[in-house]
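Data block below; observations after.
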Amino acid sequence: MTMSEEERHLRFEGETDCEPAPLPTLRHSCSHVMAQAVKQLFPEVKLAIGPAIEEGFYYDFAKPEPFTAEDLVRIEQRVGEIIRADLPFVREEMPREEAIRFFEAGGEPFKVEILKSIDAPTVSLYRQGDFVDLCRGPHVPSTSRIKAFKLLSSSGAYWRGSERNPMLQRIYGTAWLSQGDLDKYLWRLEEAKKRDHRKLGRELDLFVFHDVAPGAPFWLPKGMVVFRELERFWRDVHDARGYQEISTPILVNKRLWEESGHWEHYRENMFLVEAEEQTFSLKPMNCPPSTYVYRHHLRSYRDLPLRFSELGRLHRFERSGTLAGMFRVRQFTQDDAHIYCRPDQLQAEIIGVIEIVQLLYGVFGFEPRFFLSTKPDTAMGDPALWEQAETALAEALAKRDLPHEVRAGEGAFYGPKIDAVISDALGREWQLATIQLDFVMLPERFALEYMDADGQAKRPVAIHRAIYGSFERFVGILTEHFAGAFPTWLAPVQARVLPVSEKVAAYGRSVFERLREAGIRVELDDRNEKLGYRIREAQLQKIPYMLIVGARESQEGTVSLRRRTGEDAGALPVDRVLADLVAEVASRPVTLTVGRSS
RNA sequence: GCCGGGGUAGCUCAGUGGCAGAGCAAUCGAUUCGUAAUCGAUAGGUCGCGGGUUCAACUCCCGCCCCCGGCUCCA
């Protein structure tokens, strides 16, 4: 039912080639115009497909040499000319066999391949000027309807998305209903570049990458503060909700992975280590080791649910071309937990996890959207249990008044799941939390049991769940979401004391020491530099509060408070600032509250 | 892994078959300063790594590593 625009083009199913809404239609039309421009400038290229996508469109071409930046400029100019020519989009229909002959004659093998793979008796073509494309539409009436577009980039892409197929040359572009919308979109792209966590991570001394450890960050002292604060918050929440923290081995004999099935299905993604003629693997997941904790005792129905949390360091071999800063790493720290429970406890446990999701995300101002993935064709396990579990998941969401979308057939083979997606400050979506039910993988493969009230050994259900997902990726997302200006409770440095000159250095130091003794992460910048210079540096480091002290403040026992937002809150008693700071750190708001009248 | 673009000082980047450069940062000195950059001096390099061509390679050629944008992958 929900079909990607690419699938529409390739499968040629459904009524249309793009969502019949104004924006997708416009983008789809723009992709045709771009293809027309490319054919005019490079008559030898072959057409593949050109759908509308989330924020624009692309078109794939078979061309021996990649497009250059200069090519894109020329193509963009030609697109502009075609738009100005105001060519109408004209729909034609013809029998499929005739269309095959038409595109064979036109030397378009990809169009022929698409036509041969569909079984409609009649197909439609769209023509604008000298350009004809196989297409179900819809399109704008004429090329002049395209008001605001821009070609963005080119890159390689596989035909039909398979790496076994030849590589085509793809050009990405975007189109919007107005110039204002286009400008806003381009601004967002620029802003995203500025906020790139790889750049900010280096500038703010949070973390860096080196080629000695591809896909694994070096956490610098300041980044480690953020990490530890997230960890502390997470532990507080879980400790208060009946979780028991465990830690299982990182280097594990391959026998375990044979038992779990990972050796068969996941070996390509595991790092292997040979020692004393045995093969070990760095764990890519925590779940198999966690079953050893479950099996440490015979479990009674009275023991359940058991909630084992684990901040496990995982290693997955990701192919070199797929690594991307903190967003795609080879080594990461998952905020994992495995809940073992009876089937009748499922719903309460799921609700409990959803509450944690809301609690943890709420602190960052994220409002999660939920997706329920249901039984796939490859599912294993008792269908009745699947039914019960899907109902439990849906009802758990309903009881928390949370709407959700269904992703039919998208569940894991071992159970259905709920995923949570958030939007960041730039409107980008991130899938973070996952709550996966498991009837098969852990319970069956590891023969987990509990003794039920009737004296029979029964199989528990396992819930795999992570909230942040991984600390690495989450810190990357937070860095970009806040553009490095972390809420005070997370900020590596929460306040910096700036004495105006050496004459008040002693007072500055006393303020600094008071704050430090109260547990505030405070720094003293009494370097021999002008105040403006030191303010600028503190500002660039996104330190929430600057406490400026001069002769007046030293007389009155105050500090002049400057927020990183640029606001000058004026002179305030040191006691007041300290009390406000402590309160702010404890309550974890996303905004700066110190010195605001209450 | 595939296609393309890159890798030069801590950072951002210029450079080119013939002595390795700038700004910022760093260090030292002067300045003692009131809300986003005081002035001067000094120091800083395996030009990603390995091989080849050449009288001479940062520059040209080959291989590899890493990064970036995509594709694929993310049971």
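In what follows, chains are A, B, ... by sequence order, proteins preceding strands, each numbered from 1.
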Report, one pair per line, the protein and nucleotides 24-26 of chain B atoms (nitrogen or oxygen only) whose separation is under 3.5 Å.
from, atom 1, to, atom 2, distance (Å)
B/rA25, OP1, A/Tyr533, OH, 3.0

Should B/rG10 form a Watson-Crick or G-U wobble pair with both distances under 3.5 Å, which nucleotide is its partner? B/rC24
With A/Val497, which of A/Val511, A/Val559, A/Asp526, A/Asp525 fulfils side-chain contact (heavy atoms from CB on, under 4.5 Å)? A/Val511
For B/rC60, what is the paired nucleotide under Watson-Crick or G-U wobble rules, both distances under 3.5 Å? B/rG52
Do the two ring centres, one from A/Phe61 and one from A/Phe42, sit under 6.0 Å apart? no
Expressed as a whole number of Å, how far does the C1' atom of B/rC19 sit from that of B/rA57? 14 Å
Quote, to the nearest angstrom, the P distance that separates B/rC3 from B/rG63. 12 Å
Whole angstrom is fine here: how far is it from CZ in A/Phe218 over to P in B/rC66? 14 Å
Under 3.5 Å, side chain of A/Gln331 to main-chain N/O of A/Arg313, donor-acceptor pair present? no
Regarding A/Ser290 and A/Tyr340, is there a side-chain donor-to-acceptor distance under 3.5 Å anywhere? yes
Decide whether A/Gln169 and A/Ser154 meet the rule of one side-chain donor and one side-chain acceptor closer than 3.5 Å. no
Check the distance between B/rG70's P and A/Ile53's CD1 and give it to me in whole angstrom. 10 Å
Have a look at A/Tyr172 and say if it touches a base, only the backbone sugar-phosphate, or nothing, with a 4.0 Å heavy-atom cut-off. sugar-phosphate
Distance check needed: B/rC2 C1' versus A/Trp159 CH2, whole Å only. 18 Å
More 5' along RNA chain B: A/Gly215 or A/Ile535, using each one's nearest nucleotide? A/Ile535
Sorted by chain and residue number, the ring pair (Phe, Tyr, Trp, His ring centres under 6.0 Å) partners of A/Tyr507 (sequence neighbours excluded) come out as none
What are the residues of residues 496-506 of chain A, sorted by number, that bring a heavy atom to within less than 4.0 Å of RNA chain B? A/Val500, A/Ser501, A/Glu502, A/Lys503
How about A/Arg160 and A/Tyr158: does a side-chain donor come under 3.5 Å of a side-chain acceptor? no
Atom-pair distance (CZ on A/Arg198; C1' on B/rC66), nearest Å: 14 Å
Counting side-chain heavy atoms from CB outward, which of B/rC67, B/rU35, B/rU72 is closest to A/Ile548? B/rU35
A/Tyr414 and A/Gln436: side chain donor to acceptor below 3.5 Å: yes
Distance (rounded to the nearest 0.5 Å) between A/Phe486 CZ and A/Arg564 CZ: 9.5 Å
Rounded distance in Å - CG (A/Asp211) to C1' (B/rC68): 14 Å
Sidechain-backbone polar pair: A/Glu76 side chain, A/Leu151 backbone, donor-acceptor under 3.5 Å: yes
Please state the P separation for the pair B/rA30 and B/rC13 - nearest whole angstrom. 36 Å
For the C1' atoms, the ones on B/rG50 and on B/rG7, what distance do you get once it is rounded to whole angstrom? 16 Å
If you look at every strand shown and take non-hydrogen atoms under 4.0 Å, does A/Arg552 touch a base, only sugar-phosphate, or nothing? base
Please tell me if the side chains of A/Arg473 and A/Val475 come closer than 4.5 Å, counting only heavy atoms from C-beta onward. no
When A/Phe67 and A/Phe317 are each assigned the nearest nucleotide of RNA chain B, the 5'-most assignment goes to A/Phe317
Shortest side-chain distance from A/Arg170, nucleotide among B/rC71, B/rG34, B/rC3: B/rC71
Any N/O donor-acceptor pair, A/Ser560 side-chain to B/rG34 base, under 3.5 Å: yes
Suppose we define a pair by two distances each less than 3.5 Å, Watson-Crick or G-U wobble; what does B/rU35 pair with here? none
Dump the pairs, protein N or O against N or O of nucleotides 12-15 of chain B, anything under 3.5 Å, distances to one decimal.
from, atom 1, to, atom 2, distance (Å)
B/rU12, OP1, A/Arg202, NH2, 2.8

State the pairing partner of B/rC2; accept Watson-Crick or G-U wobble contacts with both distances under 3.5 Å, and report none otherwise. B/rG70
For A/Leu220 and B/rC11, give me the distance from atom CG to atom P, rounded to whole Å. 12 Å
Touch class at under 4.0 angstrom, heavy-atom based, for A/Ala551 against every strand present: base
At 4.0 Å (heavy atoms only), tell me whether A/Gly570 reaches a base, stays on the sugar-phosphate, or touches nothing. nothing
Looking just at side-chain N and O atoms, do A/Glu584 and A/Thr593 make a donor-acceptor pair shorter than 3.5 Å? yes
Given atom CZ of A/Arg330 and atom P of B/rC65, what is their separation to the nearest angstrom? 11 Å
Just call it for A/Gly532: base, sugar-phosphate, or nothing, with non-hydrogen atoms closer than 4.0 Å on any strand. sugar-phosphate
A/Met167 has its side chain closest, among B/rG34, B/rC68, B/rG70, to B/rG70
A/Glu529 (side chain) donor-acceptor with A/Arg534 (main chain) under 3.5 angstrom: no
Is the base of B/rG34 touched by the side chain of A/Glu553 through a donor-acceptor pair closer than 3.5 angstrom? yes
With rounding to whole Å, what would you report as the distance between B/rA41 and B/rG23 at their P atoms? 11 Å
Within this structure, what is the CG-to-P distance between A/Leu547 and B/rU35, rounded to whole angstrom? 17 Å
Using the C1' atom on both, measure B/rC60 against B/rG21 and round to a whole Å. 22 Å
Do the side-chain N or O atoms of A/Arg164 get closer than 4.0 angstrom to the phosphate oxygens (OP1, OP2) of B/rU72? no
For B/rC55 versus B/rG40, give the span between their P atoms, rounded off to a whole number of Å. 48 Å
Polar side chain donor-acceptor pair, A/Asp60 to A/Trp159, under 3.5 angstrom: no
Quick check against the 3.5 Å criterion: does A/Arg521 have a side-chain atom that pairs as donor or acceptor with the backbone of A/Pro492? yes
Taking atom P in both B/rC74 and B/rG5, compute the distance separating them and give it to the nearest angstrom. 28 Å
Close N/O contacts between protein and nucleotides 73-75 of chain B (under 3.5 Å):
from, atom 1, to, atom 2, distance (Å)
B/rC73, O2, A/Arg328, NH2, 2.8
B/rC73, N3, A/Arg328, NH1, 3.2
B/rA75, N6, A/His262, NE2, 2.1

Using atom types as modelled and distance alone, determine if a side-chain donor or acceptor of A/Ser554 lies under 3.5 Å from a backbone N or O of A/Val504. no
If the condition is side-chain contact (heavy atoms from CB on, under 4.5 Å), which residues does A/Ser281 pass it with, not counting sequence neighbours? A/Trp257, A/Met270, A/Leu272, A/Pro284
